[in-house]
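Please read these numbers as outputs of a predicted model, since none were measured by experiment.
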Amino acid sequence: MESEVLSTPADYLPILIQFGVATLFSVGVILLTHFIGPKVKTATKLGSFESGVEVVGNARQPFSIKYFIVAILFVIFDIEVIFMYPWAVNFREFGLSGLIEMFVFMALLLLGFIYVIKKRVLEWD
């Protein structure tokens with residue numbers, strides 16, 4: 001005979017308390033910084049500011065996105081490497097089939113890297 005586990009509204013009380021505390025903390029910090037923060041508004045503070053450089057020219061002009069492509073590629077290949085850690089920990093349990101699967105995975109990763117190199121994505125011309 002299977003026993004059914006029924007949830008009651010009391011089971012959700014810790015979640016509601018945590019949600020309430022998080023909400024109160026967020027609103028409290030926002031209000032506290034609003035009330036005790038500096039209120040001096042100068043032309044320098046209200047002016048446009050981008051990464052420590054004064055804004056010059058039109059913001060709608062095209063620009064190179066090489067930096068963003070390299071950053072995205074780094075994240076993709078970094079996440080691929082993370083998949084190798086569980087495999088390395090359980091290497092002996094996987095046996096020969098696990099080794100072949102990792103070689104296939106590494107081959108696909110290498111093909112992706114070769115594609116990136118052939119497209120000259122990593123060059124900063």
Side-chain angles (χ1 to χ4, degrees):
M1 179 153 103
E2 293 182 27
S3 62
E4 280 189 41
V5 178
L6 299 176
S7 60
T8 63
D11 294 334
Y12 296 103
L13 188 61
I15 296 170
L16 291 173
I17 291 172
Q18 185 176 7
F19 181 74
V21 169
T23 303
L24 286 174
F25 178 77
S26 302
V27 170
V29 168
I30 291 171
L31 290 174
L32 184 68
T33 57
H34 177 72
F35 289 126
I36 67 172
K39 304 213 179 356
V40 178
K41 295 182 181 179
T42 62
T44 305
K45 282 188 178 182
L46 296 176
S48 298
F49 187 74
E50 184 70 31
S51 301
V53 179
E54 288 286 333
V55 177
V56 177
N58 185 3
R60 302 286 185 241
Q61 67 188 22
F63 62 94
S64 175
I65 59 167
K66 289 278 187 181
Y67 173 78
F68 299 107
I69 292 175
V70 170
I72 290 170
L73 287 173
F74 172 76
V75 169
I76 289 171
F77 284 108
D78 193 41
I79 290 173
E80 298 290 342
V81 170
I82 290 172
F83 288 134
M84 294 178 200
Y85 284 110
W87 175 81
V89 169
N90 298 315
F91 172 71
R92 293 185 191 271
E93 295 173 19
F94 292 145
L96 182 62
S97 66
L99 182 64
I100 292 170
E101 289 171 0
M102 184 50 72
F103 278 137
V104 169
F105 178 76
M106 292 298 295
L108 291 173
L109 188 64
L110 184 62
L111 280 174
F113 189 65
I114 290 171
Y115 176 78
V116 166
I117 295 294
K118 292 282 185 190
K119 288 289 188 176
R120 299 171 41 141
V121 171
L122 300 176
E123 293 181 10
W124 289 99
D125 293 332

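Residues Pro86 and Phe94 come closest through the heavy atom pair O-CE1, 4.4 Å. Of all non-hydrogen atoms in Val121 and Val70, the two that sit nearest each other are O-CG2, 4.3 Å.
Through direct or indirect side-chain contacts shorter than 4.5 Å among Ile, Leu, Val, Met, Phe, Trp and Tyr, Ile82 is connected to no other residue. Hydrophobic clustering, defined by side-chain heavy atoms of Ile, Leu, Val, Met, Phe, Trp and Tyr closer than 4.5 Å, groups Val29 together with Phe25. Cluster partners of Leu13, by chain and number: Ile17, Val21. The rule joins Ile, Leu, Val, Met, Phe, Trp and Tyr whenever side-chain heavy atoms lie under 4.5 Å apart. Using a 4.5 Å cut-off between side-chain heavy atoms of Ile, Leu, Val, Met, Phe, Trp and Tyr, Val89 forms no hydrophobic cluster with any other residue.
Glu93 CD to Asn90 CG: the interatomic distance, rounded to the nearest 0.5 Å, is 4.5 Å. Note that the CG atom of Leu73 and the NZ atom of Lys66 stand 10.0 Å from one another [nearest 0.5 Å]. One distance of note links CG of Leu122 with CD1 of Ile69; it measures 9.5 Å at 0.5 Å rounding. Here Leu111 contributes atom CG and Lys118 contributes atom NZ; the two are 11.5 Å apart, rounded to the nearest 0.5 Å. In this structure, CD1 on Ile30 lies 11.0 Å from CG on Leu32, to the nearest 0.5 angstrom. In this structure, CG on Leu6 lies 10.0 Å from CG on Asp11, to the nearest 0.5 angstrom.
Under the rule for a side-chain contact (heavy atoms from CB on, under 4.5 Å), the partners of Thr42 that lie at least two apart in sequence or sit in another chain are Val40, Thr44, Lys45. With sequence neighbours excluded, no residue forms a ring pair (Phe, Tyr, Trp, His ring centres under 6.0 Å) with Phe83. Qualifying side-chain contact (heavy atoms from CB on, under 4.5 Å) partners for Met102, counting only residues two or more places apart in sequence or in other chains: Met84, Trp87, Phe105, Met106. Annotation: side-chain contact (heavy atoms from CB on, under 4.5 Å) contacts of Leu31 (sequence neighbours excluded): Val27, Phe35. Among residues two or more places apart in sequence or in another chain, the ring pair (Phe, Tyr, Trp, His ring centres under 6.0 Å) test is passed with Phe19 by none. With sequence neighbours excluded, no residue satisfies side-chain contact (heavy atoms from CB on, under 4.5 Å) with Ser97.
Side-chain heavy atoms closer than 4.5 Å link hydrophobic residues (I, L, V, M, F, W, Y) into clusters, and following such links, even through other members, never connects Ile72 to Phe113. Transitive grouping of hydrophobic side chains (ILVMFWY, heavy atoms separated by less than 4.5 Å) keeps Val81 and Val75 in distinct clusters.
In Lys119, the NZ atom is not crowded: 12 or fewer heavy atoms of neighbouring residues, nucleotides or ligands sit closer than 6.0 Å.
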